[in-house]
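Heavy-atom basis, side chains included; hydrogens, waters and symmetry copies ignored.
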Amino acid sequence: MVDRGAWIVGTPDDCVAGIKRLAEQSGGFGGFLVQTVDWAPRDKMLRSYELLARYVMPQFQGTASSTAAPTPGPMSGASPHAGRVRAIDRARETTRHTAGEQREGL
């Protein structure tokens, strides 16, 4: 999962680079979910969260401003979800392209 880019694992610098890569591939997003599986002792999990909070998240402050901007109302005829749909479509296309390269041994 790490090799495919589906998971981000590593140092704070690795995480920053991984989040930037995902944002570029998807066209941007308004939130980032950290999934926890209790495979590590509690003190190590807390240290991981501290590193994320101290060194990773400050790199992205303000990047969710587009989600706070006014969206088209229902009467405008424009979908308020159009940007999200385009980002998801781009991410799917990138994933298909990457998977095709991997199958071809590139």
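At least one donor-acceptor pair under 3.5 Å links the side chain of Ser26 to the backbone N or O of Leu22.
When the shell of 6.0 Å around OH of Tyr55 is examined, it contains 12 or fewer heavy atoms from other residues, nucleotides or ligands.
Residues Leu51 and Val56 form no side-chain contact, since every pair of their non-hydrogen atoms from C-beta on lies 4.5 Å or further apart. The side-chain heavy atoms of Lys20 and Phe60, taken from C-beta on, include a pair separated by under 4.5 Å.
No chain of hydrophobic side-chain contacts below 4.5 Å, direct or via other Ile, Leu, Val, Met, Phe, Trp or Tyr residues, connects Val2 to Val34.
For Arg42, the salt bridge (charged side-chain N to carboxylate O under 4.0 Å, His left out) test picks out no residue, with sequence neighbours left out. In terms of the salt bridge (charged side-chain N to carboxylate O under 4.0 Å, His left out) criterion, Arg90 has no residue partners (sequence neighbours excluded).
In summary, Arg47 and Glu50 engage in a salt bridge, as defined by a charged side-chain N under 4.0 Å from a carboxylate O.
Remark: Ile19 CD1 to Met57 CE distance equals 4.0 Å, nearest 0.5 Å.
Scanning all heavy atoms of the two residues, the minimum distance from Cys15 to Leu52 falls at SG-CD2, 4.4 Å.
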